[in-house]
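A short worksheet on the structure shown next.
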Amino acid sequence: MTSSSSMRRDPALIPVVVTLWLALGLFIVYPFIKLLMTTFIVDGRLSLDNLMLVFSNSYDRLALINSIWLAVTVAAMGTFLGFVFALAVTRIHLPAPLRWFIAAVTILPLISPPFTSSIALTLSLGPNGIILKFFGIPDFNIYGFWGTWISESLTYFPVAFLTITSVLACIDPNLEDAGLSLGGSPFRVFRTVTLPLTMPAIANSILLLFACSLADFATPLVLAGHQFPVLPTQAYLQITGMYDLKGGAALSFALLVPALLVFVLQRFWVSRKSYVTVGGKSGAQTTVKGIGMAGTAVVMAICAAVIAFILFLYALIVMGAFTKAWGLDNSFTWESFAYVFDHGRKAMIDTLIIACISTPIGGLLAVTIAYVTQRKSFPANGLMEFVSLLNFALPGTVVGIAYIIAFNSSPIVLTGTMSIIVAAYVFRYDSAGIRSVIASLHQIDPSLEEASLSLGASSIGTFKNVTLPLVIPALLAGMKYLFIHSMTAISATIFLVSVSWSLLTARILECMTELQFGNACAFSVVLILLVFIFNGMLTLLVRAAGYNYRGQGGNL
Amino acid sequence: ATLNAYTVMPEKYASKVFEQFTKDTGIKVNFIRFSSGEALARLVAERNNPQVDILLGGPADIYTAGQKDNVFAVYVPKDQKLTPAEYRDPGNHWTGIGLIPLCFLTNTDFLKKNSLKAPESWQDLLNPAYKNGLQMADARTSGTATERIYSLIGVYGVDGAFDYQKKLHKNVQLYTKSGAGGAMPIAQGQASSGIFYLVDALDIQQQGYPVIITYPKEGVTFGIEATGMIAGAKNQEEAKKFIDWATSPKLGQFFVDQKINYIPVVKGVKITSPALDMSKVKLLKVGAEHKGDKRKAYVERWINEVIR
Amino acid sequence: MAVDLHLKDITKTFIKDGVKFDAVKRVDLEVKGGELVTFLGPSGCGKTTTLRMVAGFETPSSGRILIDGEDVTDVMVNKREIGFVFQNYALFPHMTIGDNVGYGLRMRSENSADIARKVGEALEMVGLKGAERRYPNQLSGGEQQRVALARVLVMRPKVLLMDEPLSNLDAKLRLHMRTEIRNIQKQLDITCLYVTHDQKEALTMADRIMVMNRGKVEQIGSPFDIYTHPRTLFVADFIGQANAIAGTLSAREGAERGVMKIGERSLTVKLISDAAYAAGDEISLILRPEAVTLREGMEGLLAGTVASAVFSGDRMEYMITLENGAQVSVMENYFPGAARYDNGTAVSLSFNSELTVALPCAAG
Amino acid sequence: MAVDLHLKDITKTFIKDGVKFDAVKRVDLEVKGGELVTFLGPSGCGKTTTLRMVAGFETPSSGRILIDGEDVTDVMVNKREIGFVFQNYALFPHMTIGDNVGYGLRMRSENSADIARKVGEALEMVGLKGAERRYPNQLSGGEQQRVALARVLVMRPKVLLMDEPLSNLDAKLRLHMRTEIRNIQKQLDITCLYVTHDQKEALTMADRIMVMNRGKVEQIGSPFDIYTHPRTLFVADFIGQANAIAGTLSAREGAERGVMKIGERSLTVKLISDAAYAAGDEISLILRPEAVTLREGMEGLLAGTVASAVFSGDRMEYMITLENGAQVSVMENYFPGAARYDNGTAVSLSFNSELTVALPCAAG
Ligand SMILES: Nc1ncnc2c1ncn2[C@@H]1O[C@H](COP(=O)(O)OP(=O)(O)OP(=O)(O)O)[C@@H](O)[C@H]1O
Ligand SMILES: Nc1ncnc2c1ncn2[C@@H]1O[C@H](COP(=O)(O)OP(=O)(O)OP(=O)(O)O)[C@@H](O)[C@H]1O
Ligand SMILES: [Mg+2]
Ligand SMILES: [Mg+2]
């Protein structure tokens, strides 16, 4: 469907596109514009004073530069780690339990309830940190760029891992065979064939991580200290500390410029080539030949180190959950869990309900947006793609505030309802799903869809029976991400939670601010368990629905 | 009848308070807790269609800041006279319910290791032994931090206060987002000392960590925990009942009975806890002109002069 | 029941190496209901592209496509009731063979017992009985191709578009499949376009053949017509081997006949009726190697000497140097006892001039 | 320079529909340096699998592979210096045609001027001059196949493994490519395994042919051998058409000769030397349709009546009913003036019994 005749040819899709635009318009564009107006219309006139004021301040200019630098480095490191892990599970012969273990560990940092992991990190790498003591490193100052970078890279690399794995698994190993038979060493074949074919995933993962890091204020809030101001944190402080909503919002809008730039770059980068590796003529079923001894060694070493570090951090949390008073009275106790089940049951249930509602909606939305923008030629497809990314690239606080401003007065009043929380999650965290499905779609030969159409399936039928099952790994990745964030995200929802809905992470945050470290840890442990259980169920559910395709290549 | 509320008090206190209120009046309360800045941001954003009826707790200055956006309603509580005038808004937007002084919180292991005495003067914190060891709140997010500035102004005057902080900055390891954020690291020995509201310091001490609470002999200021009604509240009657209840001796006595570490301001409540006994502490009063409007200027000055 | 198909002057323009380029150039073709037309032409001449436009995967840059008189140029693929066998199979990698073959039937909501039965039959027809549960990547190339074929045949579509459906099958199976396809097609009166590179396939299966070259139609006609009366040198040479022996037209004898001079010899040749010939024009006599009989001696229509003789199983391939120096390739069935001519032997060439044609040289 | 290849009893077992199944069963083949062996066999018989094991994409379930005497069974693909043309092309979708073809040269770190020149030459050879900058998805099926071919030929590997490299090309181009491949292969003394479904290709290109069936080798031999002396009915029938006329062996005359009784007639036939025949055995005479000459009358080796006669362009295809009721197909070159026999005509069949063989019936 390269021609622009989709609309004429396929009127059935028009309602779909209209619905998408309505949804995006309502939950992304409308709040965005409302916030823009609040920010830049002063006394009924357009005024950029807010922005000017902010950027006349050299500290904020520094913050912008820092933000971009941080986002670039986090995107690079996170994508690198994600790629290495993806290689481990798809291109190295490992026993299945070990692969599952690796994949499971990478989920941990994603779950990392806000603040708990940062605390664990400061306990290990901070002043007097356990790891520093162990290795006898004296003067490492975690507060600043390094701490933030380490923490964000660690937190976000799983996003890259999920995106890249689903694409890597679908690369036909016959192509690698071809490279080998032309005399390339396993490593060179990896570099010249496998790696470039993963480009759609890499580009999208970079985009995601860049936006993620650009919008994240929580990590820098704890770890950046004052020498390394970043913009989202500045915006947050401006709003909550200086009670200056407009200034804060204005700062956040500045973040959109680099995000847009990366978006355009990524599109350009990916659009120039073809990455179709899932075709209608299957090569022979073949085993992956790996990436060579040296490559394998490096990959395994990196994985082992990162996994050890992650496990260490989370072990601290688990220990925290079982000790009376961390660092003081390290005796074993169930008290924290008793507290959690006493006081946290409603939060658990509420959180689960919200996550369980958001996830399927988000999944559907992600795959439809990706499909329509990639496969159908409707006007403003590129715009739709970018709009869908907008909420992701803005700091959560700002999105939260935009939502209250937009949905707290007529015509649309949603505050206090669950739907506003669900909408905030779906339209913010769906980006991961959208981007990874897009990356995955690049791999699929359009002739498969043509075949389905020619066999009498409608566009919708084709989508359901052919496209969807082929992008299931990517979609599943996106849905997991959305689910996890629906369970753990806090920045946007702090403004949207209402008296009738209480969320787990809000409780964790409370425990942290009230210095109940043990309770916070216990909550975190429960959260982690819940996420694992539900993730597993999600996977099983999708399998049970008959979606079993896991790519022609790789092991996963 | 129900009442919807935001609170800035810690959850564990707020839930007890509201429970008692329900017991006393039969009015059910739904509430959520926020940090003070978040609470205000949310109230401002919801101005056109307020979701709650009252705000409980939080320093008086967020109430002052909120007045600009007409967030709070004017209401004169029944027992207004029982609260000294200096602890309530002359415009009747808010009324104080408790005081919390600043204090120093120091890790005793650290003191032992360095053979130091617990700090008893602001100047003690400038001791190079504390280098890279102090954690305290960031002025941009935390009421605790602004209170710190007011105290210093009270002691050293405006310019002197900033000069002092510039020196102090050399010893600071981290400015935390929340007022209490540094308390746990001090308890754990990651940091040595810091400046906190007494509530937070007591919290950590009562958990049994090796910390000591001291006060600077030059004096400290205190924050006023307040409460107020939201403009356009949907449950006006219930809101008024709550404000009446909260500003009456009932709540003050409840603080004392439940060992909630605020110092009640309402007349007729006797303080029993030795930790809240302020008789040996020099408490400073900062003129209203410094709070409110000046606050923003101070914070900016703090950003530009201290942390850079 | 059978629908007819009309490609009205369709063109498809691609951007190739930065410049516009017509992959298909004003192709005009009417196909009667139930007719089977094969597309024949060199690799890259636009066969697939034409077929894809008929199917609706591609929109023509200009021109219209009519099915049964109805303009379907802007109609969705799935509304066209066509069956398409892809050159690259386009099997669904995530479905078993059974699901692949049953896909279209499921889309039509047939009941599952029927589907299972039909799928079984179709697979049996292509020699893959019992392979229902396997996945495409567990099949050999030829097996995959047969699945692709079964998937479409099971649908009994009104219009069948096949893009080299048998290219990866062995000769025996190909013959078998060819017959099956032709049977189904005739039985159900399906209109069919069939791309193939196998000239024999094209000749034996087709009602008509369309020969394409560089996006343009060279000739459309019955197999016999195309074989015996190619209108251009290209067609002559493309369909089987052909010798083009240069000479001059010394005289015309009516619309379809003339006298041609080749070297010293004159012979009567057939001309194509609607081309412009004038006496004295250079013309080429198209002579198929297998249409020539060799005799020892010089008595035939043309004569020469054997330049090379190669035995290739069932036939002898000779290269003959004519008296005027031109090289002519000749093929004779070989059977034990048949005459063999050695290098240097003087031989004469005879052929039925009714079954050859002389083309104006410009027509190449 | 030329390396030889030894497949030592290799077997490959797959799990198919839940049961173990040998896709390749104890294949044993020695290929001399510089030899070209074609693999011929029905779709799904294990040709690709065998080739893939030689390349090293697949490890044999048992057996060894030796290149130049050295056991390479466990050597990585890239160390084997082979060139592999994939049945499904396996072009790199993200690289231009130029980069695809130059890939191997870059892996060898040749300098870029050389690479550009060689790539240009290779593309020219396959008729894709100037296509360097395009991407595989902008090429037609046949063009892609040619790129796949160029990508390997440009490498001049020591061992060339080709899996139906010409299946999507038109006859003309196929002929051309066949010659090119054969030239390069001979010139550089490359050892080559070549899978094809085109029997003609197999017969004309190969030094030797290996006929496979269901994973097993049926016969290995020179094209002439395979064609004239098939060892099994399968081979006989698979290579071209063959009539198998049943009869009994009435007497043996030495190792290679016997008297066969078909109906009332007796004739001397050739036997294969190393098979067990006994007088009185049922045997089948393998007779190729094109090896038979028809005469009017009853004087030949066999006789019958014409059951059907079909004209197919250059030949006549007859079906003859023998005196004993067996059906025999016969093909004769047709040229104007040649004799034609109508239905019902009594004809006699003659053939050179040296060029046919009679097989024990069990050999089918
Ligand atoms: N991964 C696999 N699992 C199970 N069976 C397989 C697998 N790969 C191939 N086969 C089977 O092995 C047999 C041999 O396959 P192979 O690809 O070698 O055939 P081939 O001779 O190349 O056939 P073609 O001419 O059709 O390409 C086939 O019957 C095929 O179905
Ligand atoms: N997307 C495209 N962009 C540019 N050129 C293209 C594109 N698709 C096809 N072409 C060109 O159009 C021409 C016709 O292609 P088409 O696939 O119709 O050929 P074909 O006749 O089917 O050839 P084959 O027999 O090799 O399959 C070819 O020269 C091809 O290179
Ligand atoms: Mg084609
Ligand atoms: Mg094969």
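Just so it is clear: chains get the letters A, B, ... in the order the sequence lines come, proteins before strands, and each one is counted from 1.
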Taking the inter-plane angle between the rings of A:Phe85 and A:Phe161 on a 0 to 90° scale, is it parallel (under 30°), tilted (30 to 60°) or perpendicular (over 60°)? perpendicular
_Is the positively charged end of A:Lys281 above the ring of D:Tyr89, judged by distance under 6.0 angstrom from the centroid and angle within 45° of the axis?_
yes
- Ion pair check, A:Glu385 and A:Arg435, cut-off under 4.0 Å: yes
- Should the pair D:Asp198-D:Arg174 be classified as a salt bridge under the 4.0 Å nitrogen-to-oxygen rule? yes
Given D:Phe92, D:Phe86, D:Phe84, the one with more heavy-atom pairs under 4.5 angstrom with chain A than any other is D:Phe92
Honestly, the part of D:Phe14 sitting under 4.5 Å from a heavy atom of chain A is neither
Under 4.5 Å to a heavy atom of chain A? For D:Leu105 that would be neither
Counting heavy-atom pairs under 4.5 Å with chain A, the top scorer among D:Arg108, D:Met76, D:Gln138 is D:Met76
The interface call for D:Phe57 against chain A, heavy-atom contacts under 4.5 Å, is both
Bottom line for D:Arg151: the part with an atom under 4.5 Å from chain A's heavy atoms is both
Practice task
Establish, from distance only, whether the side-chain atoms of D:Asp71 and D:Thr73 form a donor-acceptor pair under 3.5 Å.
Solution key: yes
